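One structure is given below, encoded as structure tokens.
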Amino acid sequence: MASTTLPLSTEALLAFDREHLWHPYSSTLNPPQVFAVASASGTRLKLEDGRELIDGMASWWSVIHGYSHPELNSALHRQIDKMSHVMFGGLTHRPAVELSARLLEITPSTLTRVFFSDSGSVAVEVAIKLAIQYWAARQQPRKHRLLTVRGGYHGDTFGAMAVCDPVTGMHSLFSHALTQHIFADRPDIAFDGTWHEDAFSNVEQSMRQHHMEIAAVIVEPIVQGAGGMWFYHREYLRKLRALCDELDTLLIFDEIATGFGRTGKLFACEHAGVNPDIMCLGKALTGGYMSLAATLTTADVAATISGGEPGVFMHGPTFMANPLACAVSLASIDLLHETHWSTKVLNIEAKLRTLLEPCRSLSAVSDVRILGAIGVVELHQAVDMYRIPQLFIERGVWLRPFGRLVYLMPPYIISDAELATIADAIYAVLSDPPLVMRIEEA
Ligand SMILES: *Cc1c(COP(=O)(O)O)cnc(C)c1O
């Protein structure tokens, strides 16, 4: 490793990054271009070279109130002066208890028990372990598999990866090491489509065939995120709940991307009016300030596990219920209510419907869909991940498309003018398909 004199120049910083760091899903031989952010506030990312970008990504769903929010900053300052961290084994603290109380107030009333962890993937691991321990405690160890639908994304750790879409989740690479679960077809009727019963027959058939081995069904309610940005019909969730009840199977909702207002409801399951037995939260939980996740469950699941062998739930991360993360999360939830999140999200939805509509007529575009504060422009072919962010940056916008999807999920504080700038940039960039398409991926 080259010796380094600090502070680095921007060029040296980027060169070191290229030589020595990994970025998400990246190659070290052909590293993606990355941009150095010096600071961020509100909806703006400020790059080291002085350029300022409007953020269309909310840092992967999480920064719902914008960057460097004064109230969230001060919640963290107050907490750091008391304590940054303390172990959760044998100890408890006000931030954890107050945050759980708030979470139980705003989530479905059937959920009464909270397990904190440090990332979304781990919250999913915890949910899977809860489901397996539940059936072990009920003397039905055969019920240890999961059923899920294609097109899902639940995280990158092994347990979570095993319920991600088998193709986009690249299962074949890890097939010898992954638990084999049961996959049903993607829920294929769109959120605003017309429901017909055939749309449920594939999953129903799998459930009836395998329920003796199924511990739980896990899905992202209403919105499948990283697995394809797909919005599906609420009736699917209602039928799924009824079938899980009939066949005695737990239902897990992964609300890590959808939680905290993103889809126009505080939690996406409210669109269908159905409650899960286990719910995973993460991403926007702390307003995007820190890594924190939570797995919530019912009194029945908690009591059954605790009444079985070995009488305890077998999980306990080092940084469980970190006080800083809990404090900023509590402040973020309060801020959601104080700032009338619902009006904001519904306004973004209405604006995106108008602003993204022109994209529909572009030859590169196959679909435009909007739900809450999520806008998706789907293309016929995959974009060139190496070139397209640069084209948006030239227009003052931060977007990070993947595959055939150009999408935005901005901070809720975004202005109408900023939304228009992002929409114009999308239209302009996609108007020139040869510039953005990697033809060999078609
Ligand atoms: C992002 C995401 C996860 C994984 O969360 P991490 O914090 O990245 O581990 C799990 N499920 C869904 C639906 C997600 O969007």
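Atoms within a ligand are numbered from 1 in the order they appear, just like the ligands themselves. Because the structure is a prediction, the values reported are computed rather than measured.
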Distance-only donor-acceptor check, side chains His271 and Thr263, under 3.5 Å: yes

Does any donor atom in the side chain of Thr168 or Tyr153 lie under 3.5 Å from an acceptor atom in the other side chain? no

I'd like the atom pairs linking ligand 1 to the protein - N or O on both sides, separation under 3.5 Å - with distances to 0.1 Å.
residue: ligand 1; atom: 5 (O); partner: Ser121; partner atom: N; Å: 3.4
residue: ligand 1; atom: 7 (O); partner: Gly120; partner atom: N; Å: 2.9
residue: ligand 1; atom: 9 (O); partner: Gly120; partner atom: N; Å: 3.4
residue: ligand 1; atom: 9 (O); partner: Ser121; partner atom: N; Å: 2.7
residue: ligand 1; atom: 9 (O); partner: Ser121; partner atom: OG; Å: 2.6
residue: ligand 1; atom: 11 (N); partner: Asp254; partner atom: OD1; Å: 3.4
residue: ligand 1; atom: 11 (N); partner: Asp254; partner atom: OD2; Å: 2.7
residue: ligand 1; atom: 15 (O); partner: Lys283; partner atom: NZ; Å: 2.6

Kindly assign one of parallel, tilted or perpendicular to the pair His85 and Phe319, based on the angle between their ring planes and the thresholds 30° and 60°. tilted

Verify whether one side chain among Asp277 and Tyr134 offers a donor that lies under 3.5 Å from an acceptor in the other. no

Judged by modelled atom types alone, do Thr343 and Asn347 share a side-chain donor-acceptor pair under 3.5 Å? no

Do Lys239 and Glu204 meet the salt-bridge criterion of a basic N to acidic O distance under 4.0 Å? no

